[in-house]
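To start, the structure under review is shown below, and the notes come after it.
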Amino acid sequence: MSDAPEPIQTERKRVWKTPPGVALCAEADLADPGARGFVLQIGEAYFHGFLVKKDGRVVGWVDRCPHAGFPLAVELDRYLTPDGELLLCGWHGAVFSPLSGDCVGGPGMGGRLTDWPVEVVGGVVRTA
């Protein structure tokens, strides 16, 4: 029997916004259609978001399903349906429009993803 104290498990603090101007990736690094997740440390907390590129447009979303609060992707960067037409919550099957964030099927129908403001400046995707 050990006298060592058990480690304390603490939940990582989350934030839901990012400061402007943070370089994320080159626009050319995103497939069209394609999606890529990001975790940014902001102070002592973490932001989870993802970018989607479709039809030449790049948009950002907070990586949180409005139905259950979980991240959308079950596997790293697997946000899109196999045909690349919709975003899929891998936990509950809700599907979202990749450019508007509207839930168009499954649980949470009528809900919407939370915007993550991003912009493309000089070929680089940055937080806005």
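Because only heavy atoms are used, hydrogens play no part in the values below, and waters and symmetry mates are left out as well, while side chains stay in. For clarity, every value in this text was computed on a predicted model and none was experimentally measured.
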Might you point out which heavy atoms bring [X] and [Y] nearest each other, and give the distance in Å?
X      : Y      : result
Arg64  : Leu72  : C-CD1, 3.8 Å
Leu30  : Arg36  : CD2-CB, 3.9 Å
Arg57  : Val59  : NH2-CG1, 3.9 Å
Val118 : Gly60  : CG2-N, 3.6 Å
His67  : Gly108 : CD2-N, 3.9 Å
Val39  : His48  : CG2-ND1, 3.4 Å

So for atom [atom1], which belongs to [X], do other residues, nucleotides or ligands contribute more than 12 heavy atoms lying within a distance under 6.0 Å?
X     : atom1 : value
Glu44 : CD    : no
Arg14 : CZ    : yes
Tyr46 : OH    : yes

To the nearest 0.5 Å, how far apart are [atom1] in [X] and [atom2] in [Y]?
X      : Y      : atom1 : atom2 : answer
Lys17  : Thr114 : NZ    : OG1   : 10.5 Å
Asp115 : Trp16  : CG    : CH2   : 14.5 Å
Leu87  : Leu80  : CG    : CG    : 5.5 Å
Thr18  : Arg126 : OG1   : CZ    : 12.5 Å
Phe50  : Leu24  : CZ    : CG    : 13.5 Å
Trp61  : Leu51  : CH2   : CG    : 11.5 Å

Does the [X] side chain pair with the main chain of [Y], one donor and one acceptor, at a distance under 3.5 Å?
X      : Y     : result
Asp32  : Gly56 : yes
Arg112 : Pro66 : no
Gln41  : Gly43 : yes
Asp77  : Ala35 : no
Thr81  : Leu88 : no

Checking side chain to side chain contact (heavy atoms under 4.5 Å, CB included) between Val52 and each of Pro33, Pro98, Ser97, which is the one that passes? Pro98
Hphob cluster co-occupancy, Phe38 + Val22, side-chain heavy atoms under 4.5 angstrom: yes
Are Tyr79 and Leu99 joined in one hydrophobic group, where the rule is that I, L, V, M, F, W and Y side chains link up if heavy atoms are under 4.5 Å apart? yes
Classify the angle between the aromatic ring planes of Phe47 and Trp116 as parallel (below 30°), tilted (30 to 60°) or perpendicular (above 60°). tilted
